[in-house]
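Read the numbers this way: they start at 1 and go in the same order the structure lists the ligands and their atoms.
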Amino acid sequence: MSEDIAGYVDVVLPVPLRRAFTYAVPRSLAGRIGRGARVAVPFARRKAVGIVVGERDAPPEGVTRIMRVAGLLEEEPLFTEELLAFLEEAARYYMHPLGEVLRAAAPALPRGALARLRKDGFLAGADALKGAAVRVREEVFVRATEQPREGRFGVAQARVLALVDARAEVSLSELRVHVKTARGVVAKLTERGLLVCETREVLADRFLAATPVIEAPPVATAAQQHATDTMVAALSGPERPFLLHGVTGSGKTEVYLRVMDAARALGRGGLLLVPEIALTPQLVGRFRARFGNEIAVLHSGLGEKERDDYWRALRRGDLRIAVGARSALFAPIRDLGVIVVDEEHDPSFKQEEGFRYHARDMAVLRAHRASAVCILGSATPSLESFRHAREGRFELISLPQRATGQVMPKVELVDLRRLKATTPAQRYVSEPLLRALRACLADKGQAILFLNRRGYSPTMQCKGCEELAGCPACSVPLTEHRREGALRCHYCDYSEPLSAPCRSCGAGERVPLGLGTEKLEDELADLLAPAKVARLDRDTASGEGVEQVLDRVRSGDIDVLVGTQMVTKGHDIENVTLVGVLLADQSLAFPDFRGSERTFQLMAQVAGRAGRGARPGRVLVQTYQPEHHAIAAAARHDYEAFYTAELEQRRELGYSPFGRMVAVRIDAPEDDGARKVAEALAAEARRHPALQDRRVQLQGPAPAPLAKVRSRYRYRFLLRGDDRRALREVALLVLAAIERGVGTARATVDIDPVSMM
Ligand code: ADP
Ligand code: ZN
């Protein structure tokens, strides 16, 4: 080892290579670079950013030319040991290059950091090294003392004491929201020895600018108490995953809050994963109401800098609780005590690009490794999770009733086959649903209508040649967006004016076919005038916009809300007494073995929006298949009946949760090229003996249901089998072939696939 070299480290880089690279550590950085550190290294003639995954005394044998680490990008290691070891296991499980996994998990490097590296390997500008980049402000925190409360209290004083009692600690700015004179009141009560104040620095994040409304926790129901006690006991011992199966409105959130509070009292951190943060402002609000500014809300609206601030604050333990969607799984929480996955059945927990992981499955893994309690919550658990519970791998805890004591809404099926004759053509709202809507409005109730198709008409047919207007780049029809005056593709950015002539025959006139949310909104506004109808889908709202629409519904400004699956999520709006499902069969028609499950989940979830307040709810479901097991069971709120029937079908067909699956996806600019690569990769798989003795079965290759997207032709094949080891070996053969090169094609291996498209 030469004089100025202190040792060697193995570094992984964000490149599609399944290996680490060894670099020498210069003396100037001696003792500062350990596992988890983010470093700059020379790679392929430029500077690349990588993560140290190991230290060594000598270079690997046979390697003669070793370059040096160019610099250290933060003083503390970016990844805690717990997080890094977990990600290493996740990378192995998904057979994905570790460097890319770590890049997906890490916050982006602050801009310009590489350019600021000095000769000695440190960053110019001390802030990045000191780790003090967090913007902070001072905040006064108020706590109650043990001193008995004697004497009389004014109204404001009593209110402040009640608020302080609701939580271990409350900031003065929060108190001021409730009591204008809080500052003076707190001073008085502090003088009497009833309160103590402490000034501390807190993060100054835009998202936390709005002060949360403190709510006193309700008295837990017996079922909530039992759930909480069992899970809290697991915090200190043998830890295990729980499946919290609670009907819609059963108060699962309250259980999450209590378990997190208990973890916090033990000095441990918590993580809450939700499907989509913009759609769950209420849930996040409740967490903030209980934990104040102690939580990091990781949302897509955060800037690089803010994300970086949060990451550091969590890693140091300044913040103990993180809330976020899928990728918050990687939050570097210290002493993790509990991970909650709310709506664990939601398909959005599966990342479908790059590092394809399932955040729910990985939450179970991370919790297990950290000896933390994992809680998967849902009213409609995935078949996989419920079977785990049935077979004892998860502990099942049920909340069979609504927390408010309200009964589950009554669900009526409207058989569209029988109504065809009586409902005018092109009328999509059946007479029974229309009557129910009118009755609901007459009763000063509100309604939610669910239709899983945005746009005005999903397809347009040419009057001349009867061709459907299709996307030139994708194998899907274009959707009419009438307000916008355009035909749009929902898979790429393509759009054309509504007035554009037919691309096949040049004729100018088209007939709209089918129903989208935009048209439904118009129809209802006509039918129900003067009631106010609004729409919630990706065209009307994103991010904060969603919250605004929901606020308007909550305030009674909107009578009827029409929307896509965005309306089915956990919204808790008291005055909604009617829910309508326009076409329940839609998701059944999907070329996906989970179509029935998805249908059951959507129906049960949207039905669960009705009757959450004082008045009972009613649900009308329009369908062509009222006897289908998913629809019939959802109508009876009978999860177990659905589970039993569906499990039987899956068993027969050998689909998840029976057997495991790996999807190999191929796409290329030419149909022929994609097919050839698919066939070559399938042939590679067939070389493995497990395919000959049928321990692993190969299905395909075949064009994907979405055969072309963005001018790329898509093929896929599936590998299935019970023998996990054999399946992995086959997948490795395919991966090796992909790494040897597939020309202009792209090929990916998707372990435990969710999307079948
Ligand atoms: P879920 O997540 O199971 O659908 P929520 O947590 O949203 O249910 O709770 C449904 C409603 O019941 C909310 O308005 C909540 O404030 C209320 N709630 C929860 N627990 C209790 C309780 N123990 N007593 C009274 N109301 C409760
Ligand atoms: Zn397209």
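Protein heavy atom nearest atom 20 (N) of ligand 1, with residue, atom name and distance: Gln224 NE2, 2.9 Å. Taking atom 3 (O) of ligand 1 as the reference point, the nearest protein heavy-atom neighbour is Lys252 NZ, 2.9 Å. Ranking protein heavy atoms by distance to atom 8 (O) of ligand 1, first place goes to Gly251 N, 3.1 Å. In this structure, atom 2 (O) of ligand 1 lies nearest to the protein heavy atom Thr253 OG1, 3.5 Å. Among all non-hydrogen protein atoms, the one lying nearest atom 14 (O) of ligand 1 is Asp572 OD2, 2.6 Å.
Close approach of ligand 1 to Ala403 (heavy-atom distance below 4.0 Å) involves ligand atoms 12 (O), 18 (N), 19 (C), 20 (N), 21 (C), 27 (C). Atoms of ligand 1 lying under 4.0 Å from at least one heavy atom of Gly249, given by number and element, are 1 (P), 3 (O), 4 (O), 8 (O), 10 (C). Here is the list of ligand 1 atoms found below 4.0 Å of a heavy atom in Val247: 3 (O). Interface of Val219 with ligand 1, defined as ligand atoms under 4.0 Å from a residue heavy atom, comprises 22 (C), 23 (N), 24 (N). Against a heavy-atom cut-off of under 4.0 Å, Arg612 is close to the following atoms of ligand 1: 4 (O), 7 (O), 8 (O), 10 (C). Numbered from 1 in the order shown, with element, the atoms of ligand 1 that lie under 4.0 Å from a heavy atom of Thr404 read 12 (O). Every atom of ligand 1 is numbered from 1 in the order shown, and the set under 4.0 Å from a heavy atom of Thr221 is 23 (N).
For the Zn ion (ligand 2), the nearby protein N/O/S atoms, meaning those under 2.8 Å, are Cys471 SG, Cys474 SG, Cys489 SG, Cys492 SG.
By the 4.0 Å heavy-atom criterion, Ala220 is counted among the residues contacting ligand 1.
By the 4.0 Å N-to-carboxylate-O rule, Asp667 lies too far from Arg710 to be salt-bridged with it. Salt bridge status for Asp342 with Lys252: absent, with no side-chain N to carboxylate O gap under 4.0 Å. Of the charged side-chain nitrogens involved, none lies within less than 4.0 Å of a carboxylate oxygen, so that Glu480 and Arg510 do not count as a salt-bridged pair. Using a cutoff of 4.0 Å between basic side-chain nitrogens and carboxylate oxygens, Asp261 and Arg258 are not scored as salt-bridged. Between Asp572 and Arg286, at least one side-chain nitrogen of the basic residue sits less than 4.0 Å from a carboxylate oxygen of the acidic one, meeting the salt-bridge criterion.
Annotation: Glu254 places no N or O atom under 3.5 Å from an N or O atom of ligand 1; distance criterion only.
With hydrogens and angles left out, the side-chain atoms of Arg554 and Asn575 include no donor and acceptor closer than 3.5 Å. If you check the side chains of Thr380 and Gln601, you find no donor sitting under 3.5 Å from an acceptor. Judged by distance alone, the side chains of Ser555 and Asp557 never bring a donor and an acceptor atom under 3.5 Å apart.
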Listing, residues 472-479 side-chain donor-acceptor contacts under 3.5 Å, not counting sequence neighbours, or none:
residue, atom, partner, partner atom, Å
Ser475, OG, Ala707, N, 3.1
Ser475, OG, Lys708, N, 3.0
Ser475, OG, Lys708, O, 3.4

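The closest non-hydrogen atom to atom 5 (P) of ligand 1, taken over Arg609, Arg286, Arg402, comes from Arg286.
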Intermediate values then yes/no, side chain to side chain donor-acceptor pair (under 3.5 Å), Glu344 and Ser382: CA-CA 7 Å; Glu344 66 87 29; Ser382 63; 3.3 Å; yes
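Checked against Arg598 for a side-chain hydrogen bond (donor to acceptor under 3.5 Å, both in side chains), the options Gln565, Gln586, His345 give a single hit: Gln565. When each of Arg483, Arg488, Arg538 is checked for a salt bridge (charged side-chain N to carboxylate O under 4.0 Å, His left out) with Glu518, only Arg483 meets the rule.
Between the side chain of His571 and the backbone N or O of Met566 there is at least one donor-acceptor pair closer than 3.5 Å.
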